[in-house]
Amino acid sequence: MEGKMSWTVADAVDYKGFPADRSKTGGWVPAALILGIEICERLSTMGIAVNLVTYLVGVMHLPSSTSANVVTDFMGTSFLLCLLGGFLADSFLGRYKTIAIFAAIQTLGTGALAIATKLPQLRPPPCHASASHTCKPANGFQMGILYVALYLIALGTGGLKSSVSGFGTDQFDDKDEKEKAQMTYFFNRFFFFISTGTLTAVTVLVYLQDEVGRSWSYGICSVSMFVAILIFLSGTKRYRYKKSIGSPIVQIFQVIVAAINKRKMELPYSVELLYEDTPEAQRIHHTDQFQFLDKAAIVAEGDFERNVVSAPNPWKLCSVTKVEEVKMMVGLLPVWATTIIFWTTYAQMITFSVEQASTMERSIGGFLIPAGSLTVFFVAAILITLAVYDRLIMPLWKKLKGKRGFTNLQRIAIGLVLSTLGMAVAALAEKKRLAVARTVGATTTTLPISVFMLIPQFFLVGAGEAFIYTGQLDFFITQSPKGMKTMSTGLFLTTLSLGFFVSSFLVSVVKKVTGSNDGQGWLADNINHGRLDCFYGLLAVLGVINFVLYLVFAVWYKPKNPKPALQMETIVNGSSAENKC
């Protein structure tokens with residue numbers, strides 16, 4: 001019996017619900033099938049996002065500010081729906097079903113987008129805008145069909161982001177040394193597939209969209225995802241499945257509800273009188289922060305279910321450990337809030353910066369670089385920064401300071417500084433571009449100024465992402481309770497989502513405050529008539545203010561149970577890549 005049990009994985013089952021046989025389930029083959037889904041998701045999402053603004057302006061004839069908001073709302077919703085996907089996977093569906101369902105939804109979305117961009121009835125008649133002639137924008141029905149397609153893709157993306165990496169790691173047993181080593185290799189391949197999908201999207205797919213046709217490009221995305229789903233389903237009998245353990249979101253609400261219901265009660269004179277049922281080895285010691293939440297652990301009449309021994313109603317009474325876990329999550333919020341502005345800056349790289357590129361000289365010999373492909377410099381900056389940090393900065397820092405690289409809060413700070421510098425440089429570049437536009441005429445289709453002038457802003461913000469992404473992921477993983485790692489990663493992803501939504505909000509406010517009835521202002525319908533440099537300057541100023549606030553919160557923050565920091569090479573090649581979208 002012992003020999004048989006050694007071939008099973010303790011916390012996993014097979015597709016029939018029996019203990020998973022180590023020799024017949026899990027390992028590299030099932031993990032590779034799951035990676036196919038990830039590369040197709042990146043291909044679709046990034047292939048659409050980086051070049052969508054040129055379609056909205058050039059084909060749907062929307063103002064530049066409106067087009068930018070459509071893109072940022074789409075991306076913001078995609079990241080926000082990670083929370084929904086994670087909640088469904090943890091509480092009801094499990095990761096396997098969540099991936100299959102949401103991958104199918106994304107396939108429908110990309111297919112619908114291919115049809116929407118193919119049929120002439122679903123877009124306004126083509127025309128070339130001039131000073132005397134304004135093109136007719138897309139009507140409500142045409143935009144409605146486009147929105148349905150985009151938000152089906154967003155829904156599918158959100159579900160996939162929350163489960164693909166986790167289901168991949170489920171195929172390896174971290175209690176087995178051999179499989180634990182294979183898991184590390186899997187994380188490395190997972191990051192590689194993300195990078196491959198992104199690079200393919202911003203080069204090959206963007207080129208196909210501009211030179212062959214968008215419907216062909218989106219159709220390829222839909223077909224590739226459909227094939228990936230079939231390949232994924234073919235591994236059903238070989239996967240290992242982990243049972244759903246419930247969502248930590250429920251625990252957070254339970255503590256809040258219990259504390260609110262007992263808001264009029266006085267805390268006992270001794271912490272020992274508060275309720276605690278967690279095993280000694282797993283307890284978290286009481287802290288004095290956010291004492292209002294401690295009221296959730298006050299024992300009162302009616303807290304225990306009738307006829308049940310030692311089983312309190314979790315919506316009325318929570319243990320001190322559960323309360324402290326929620327406190328730890330609340331303590332992360334100030335740092336969380338001050339990282340949102342970075343992703344607002346990031347949003348400009350796939351909206352206004354791409355629109356800038358579309359007005360500039362992009363030819364190399366006889367080849368015309370697609371405007372959306374300029375984001376390849378953004379991806380390159382991330383990879384170069386990670387390599388330089390790993391090979392040069394970390395060894396030097398260890399030699400000088402005796403530490404293996406910067407702390408998570410230091411990396412976040414560096415990312416915020418680089419993104420602010422990126423916006424300042426972008427403002428200067430745009431000022432020069434506008435000067436050229438005024439000289440040759442704002443209605444000129446292609447301005448006599450090289451698109452490579454935009455590379456510094458892409459590079460600075462890209463390098464900033466390399467620091468802030470790894471810093472945020474490290475911070476939220478190491479400073480959150482053990483049972484809330486998924487929740488803390490979801491909290492991290494909401495900074496991306498809110499960053500895009502803040503971008504949409506700022507664009508709308510600036511458009512309303514500085515705009516006029518004839519479509520002028522900082523964010524004019526035609527960016528050659530606007531002052532995009534002022535908008536970039538505003539983001540740079542907001543970045544400086546935000547950085548000061550961040551420093552205050554970083555000094556105020558007291559690390560909880562500090563653990564060895566997850567450095568960049570760990571996040572790229574190790575455990576933190578599990579949570580990479």
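Remember, it's a predicted structure, so these values are computed and weren't measured experimentally. This chain uses plain numbering: 1 for the first residue, then up along the sequence.
When atom types are taken as modelled, the side chain of Gln472 and the backbone of Ile412 share no donor-acceptor pair closer than 3.5 angstrom. The backbone N or O of Thr494 lies less than 3.5 Å from no partner atom in the side chain of Ser497, so there is not a single donor-acceptor pair. The closest donor-acceptor contact from the side chain of Arg433 to the backbone of Ile449 lies at 3.5 Å or more, if one exists at all. Within the 3.5 Å criterion, the main-chain N or O of Ser163 finds no donor-acceptor partner in the side chain of Arg95. Panel note: side chain Gln171, backbone Phe167; a donor-acceptor pair is recorded below 3.5 Å. Under a 3.5 Å cut-off, the side chain of Thr339 and the backbone N or O of Trp336 do form a donor-acceptor pair.
A heavy-atom distance below 4.5 Å is not found between the side chains of Phe102 and Ile37. Residues Val354 and Leu374 have side chains not in contact (no heavy-atom distance under 4.5 Å, counting atoms from C-beta outward). Residues Leu392 and Leu396 have side chains not in contact (no heavy-atom distance under 4.5 Å, counting atoms from C-beta outward). Tyr550 has its side chain out of reach of Phe342: every pair of non-hydrogen atoms, C-beta onward, lies at least 4.5 Å apart. Between Ile468 and Ser419, the closest side-chain pair of non-hydrogen atoms is not below 4.5 Å. Residues Ile364 and Phe452 have side chains in contact (heavy-atom distance under 4.5 Å, counting atoms from C-beta outward). The closest side-chain heavy-atom distance from Tyr536 to Ser353 is below 4.5 Å. Under the 4.5 Å side-chain criterion, counting only non-hydrogen atoms from C-beta, Phe378 is in contact with Glu465.
Checked against the 6.0 Å centroid threshold, Tyr389 and Phe467 count as a close aromatic pair. Ring-centre distance between Tyr469 and Tyr346: not below the 6.0 Å cut-off.
Checked for salt-bridge contact, Glu325 and Lys322 miss the test: no charged N lies under 4.0 Å from a carboxylate O.
The side-chain contact (heavy atoms from CB on, under 4.5 Å) check on Leu506 picks up Thr344, Val502, Phe535, Leu539, Leu542, with sequence neighbours excluded.
Side-chain contact annotation: Arg240 with Thr25, donor-acceptor N/O pair under 3.5 Å present.
Between the CD1 atom of Ile382 and the CZ atom of Phe458 there is a distance of 12.0 Å, given to the nearest 0.5 Å. A distance of 11.5 Å separates OG1 in Thr345 from CG in Leu418, rounded to the nearest 0.5 Å.
Note: Tyr239 and Tyr241 have perpendicular aromatic rings, judged against thresholds of 30 and 60 degrees for the angle between ring planes.
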ask   = Going through the distances and angles, do Tyr96 and Phe232 end up as a side chain to side chain contact (heavy atoms under 4.5 Å, CB included)?
value = CA-CA 9 Å; Tyr96 172 79; Phe232 173 74; 3.6 Å; yes
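Counting non-hydrogen atoms of neighbouring residues, nucleotides and ligands closer than 6.0 angstrom, the CZ atom of Arg283 exceeds 12 such neighbours.
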Would you be so kind as to tabulate the donor-acceptor pairs closer than 3.5 Å made by side chains of residues 70-83, with sequence neighbours excluded?
| from | atom 1 | to | atom 2 | distance (Å) |
| --- | --- | --- | --- | --- |
| Thr72 | OG1 | Ala68 | O | 3.0 |
| Thr72 | OG1 | Asn69 | O | 3.2 |
| Thr72 | OG1 | Ser504 | OG | 2.5 |
| Asp73 | OD1 | Ser504 | OG | 2.6 |
| Thr77 | OG1 | Asp73 | O | 2.7 |
| Ser78 | OG | Phe74 | O | 3.0 |

